[in-house]
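Right, one structure below, let's go through it.
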Amino acid sequence: MSDWLTPSELRVGLGCMRLEPDLAAETIAAAVAAGVTVFDTARAYEGNEALLARALHEVEGARIVTKGGMSRPGGAWVPDGRARSLHTDCEASLDALDGLPIDLYLIHTPDPRRAWRTSVRALAKLVDEGLVTRVGVANVNREQLDEALEHAPVAAVQVAISPFDDGALRGGIVDRCVERGIAVIAHSPLGGPRRAARVARIPELADIARAHGVTAAEVALAWLLALAPNVVTIPGARRPQTARSGAGATSLRLDEEEVARLNASLGGHRTRPQIRPSGGKSGEVVLVMGIPGAGKSRLAEDYVERGYLRLNRDERGGSLRDVADELGNALATDSKRVVLDNTYLTRASRSHVVEVAARHGVAARCIWLETPLAQAQVNLVERLLDRFGELPAPERLAELARTEPGVLAPTRQMRAFRE
């Protein structure tokens with residue numbers, strides 16, 4: 001377990017993004033009475049730091065987690081990872097907290113316009129100057145986490161993990177944090193306000209909840225805590241009873257069979273970092289990866305000529321997970337050599353294929369095409385000319401991207417290149 005929390009502290013905190021002013025004090029008091037010590041807020045949650053300060057001023061042992069690194073140039077919050085902005089935000093948070101210390105300060109999200117190492121070094125400086133006790137990062141991928149670890153004493157990582165969000169599990173964030181003894185703070189652990197009501201409709205959660213006489217939300221939180229000893233959840237609560245229910249999840253003990261069932265359904269087994277083919281079967285699954293226009297199709301065609309079955313989402317439709325399901329069907333029959341040439345930009349997107357291959361005892365090989373962006377753009381232009389006989393105007397291209405498989409919106413390549 002991470003040394004951020006002591007073994008006696010609850011691993012369920014209170015997310016204070018949407019505190020209602022009239023109920024804030026009562027809700028926070030209910031959480032405190034239930035044993036909650038972690039209270040998560042942010043500079044961008046306007047007014048919530050001050051609400052939290054008033055409610056916690058006389059509470060011993062409360063740990064305040066807050067975030068900075070956002071600005072409002074046009075009225076909407078956007079990432080701002082400049083060093084001076086992080087310093088200014090931190091000082092503003094300290095003023096709003098009215099003397100309460102910041103136990104953990106996070107950068108809210110990476111700023112794509114700034115060098116990530118610059119932002120992370122600014123976090124480290126906040127610790128050096130004594131403004132905060134600890135620092136961490138939020139809403140990052142594994143590559144960004146690894147770079148942050150080189151430049152700052154990262155104590156915690158905050159990412160979305162829920163029955164609906166397994167990107168941090170598939171992408172290796174939880175694995176890396178387990179390896180390094182870093183706390184994982186699961187925000188939106190019930191899927192956020194828009195999806196929380198759907199938790200009760202997930203059959204596995206509902207069945208286990210009935211068996212224990214608790215709510216499906218409490219089972220979902222207990223499952224998250226069972227993923228790894230360094231996971232802390234911060235469900236949002238607007239009412240006292242919701243805060244008490246969240247804290248109650250820490251006393252719910254799921255047995256091994258229940259955890260295994262939820263892992264299979266919701267994705268918890270993806271915290272296991274070592275995936276190896278187990279059956280010793282012959283064959284190979286090849287993932288050809290790269291940005292759109294990198295030349296994946298041409299390489300895949302070479303494999304097809306050598307007898308490989310090709311699975312391509314543009315041709316077959318559906319999602320990457322659907323393609324992985326098709327791979328499982330193929331490997332279950334006589335197709336032991338398969339090539340997939342989709343835009344697998346992230347570890348999370350590739351994990352579906354890697355797991356299916358491992359389950360069938362077939363090795364997976366990943367090939368990344370290092371194609372310069374300019375060449376990839378030329379390749380896409382040539383593809384459009386071959387298909388339509390002309391280069392569609394941007395508005396027409398955006399329309400075609402919504403209806404025609406394999407046609408991309410004008411900005412898609414640049415976004416993929418950044419990712």
Side-chain angles (χ1 to χ4, degrees), residues 1-16 19 23 26-40 55-56 59-65 103 156 158 160-165 169 174 177-178 183-192 196-269 271:
M1 180 175 179
S2 166
D3 62 2
W4 178 48
L5 294 181
T6 66
S8 62
E9 289 182 276
L10 291 186
R11 288 162 54 208
V12 172
L14 180 66
C16 303
L19 285 177
L23 283 175
E26 190 177 350
T27 301
I28 294 170
V32 171
V36 171
T37 59
V38 175
F39 298 86
D40 177 88
L56 293 178
V59 175
E60 294 289 336
R63 294 173 177 263
I64 295 178
V65 179
D103 186 67
Q158 187 173 119
I161 312 177
S162 78
F164 312 104
D165 303 289
L169 299 171
V174 176
C177 290
V178 169
V184 178
I185 303 175
H187 75 70
S188 307
L190 301 177
R198 291 165 49 191
V199 168
R201 299 198 293 271
I202 297 175
E204 292 78 12
L205 291 174
D207 290 348
I208 294 172
R210 283 192 292 270
H212 286 270
V214 297
T215 67
E218 290 173 15
V219 174
L221 294 177
W223 166 71
L224 288 172
L225 297 179
L227 291 176
N230 59 325
V231 173
V232 179
T233 66
I234 47 169
R238 300 186 186 185
R239 297 170 298 171
Q241 54 266 43
T242 310
R244 286 191 286 265
S245 175
T250 59
S251 61
L252 175 59
R253 296 291 180 265
L254 304 176
D255 61 34
E256 292 184 4
E257 181 179 348
E258 290 169 331
V259 172
R261 182 181 174 190
L262 293 173
N263 282 347
S265 172
L266 305 179
H269 61 284
T271 59

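Please read all numbers here as calculations on a predicted model, not as lab measurements.
Annotation for L14 and A237: closest pair CD1-CB, 3.4 Å, computed over non-hydrogen atoms. What you find for L252 and V214 is that their closest heavy atoms are CD2-CG2, 4.0 Å. E258 approaches H212 most closely through the heavy-atom pair OE2-NE2, 2.9 Å. Counting all heavy atoms, side chain and backbone alike, A247 lies closest to L10 at CB-CD1, 4.1 Å. Pairing each heavy atom of A249 with each of A222, the nearest pair is O-CB, 3.9 Å. Across all non-hydrogen atoms, the minimal contact from S162 to G191 is CB-N, 3.6 Å.
Taking 4.5 Å as the limit, some side-chain heavy atom of I234 sits within range of a side-chain heavy atom of Q158. Considering only heavy atoms from C-beta on, W4 comes within 4.5 Å of V65 through its side chain. Proximity of L23 to L19: side-chain heavy atoms (C-beta onward) are nowhere separated by under 4.5 Å. Inter-residue side-chain proximity for V32 and L56 is flagged as met; some heavy-atom pair is nearer than 4.5 Å. Side-chain contact between I161 and L227: present, with at least one pair of heavy atoms (C-beta onward) separated by less than 4.5 Å. A 4.5 Å side-chain heavy-atom check between N263 and W223 finds at least one atom pair inside the cut-off. Annotation: side chain of N230 is not in contact with side chain of L5 (no heavy-atom distance under 4.5 Å).
The salt bridge (charged side-chain N to carboxylate O under 4.0 Å, His left out) test applied to D165 returns R195, not counting sequence neighbours. Looking at residues two or more places apart in sequence or on another chain, you find a side chain to side chain contact (heavy atoms under 4.5 Å, CB included) between A226 and V259. In terms of the side-chain hydrogen bond (donor to acceptor under 3.5 Å, both in side chains) criterion, residue partners of T37 (sequence neighbours excluded) are, by chain and number, E9.
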Q) Could you go step by step and tell me if H187 and D40 meet the side-chain contact (heavy atoms from CB on, under 4.5 Å) rule? A) CA-CA 9 Å; H187 75 70; D40 177 88; 6.0 Å; no
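In this structure, T233 OG1 and L224 CG are separated by 6.5 Å, a value rounded to the nearest 0.5 Å.
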Just distance, no hydrogens or angles: give the donor-acceptor pairs under 3.5 Å from side chains in residues 200-209, sequence neighbours left out.
from, atom 1, to, atom 2, distance (Å)
E204, OE1, S265, OG, 3.2
D207, OD1, R210, NH2, 2.3
D207, OD2, R261, NH2, 2.9

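The side chain to side chain donor-acceptor pair (under 3.5 Å) contacts involving residues 235-247 comprise E218-S245, where partners must be two or more places apart or lie in separate chains.
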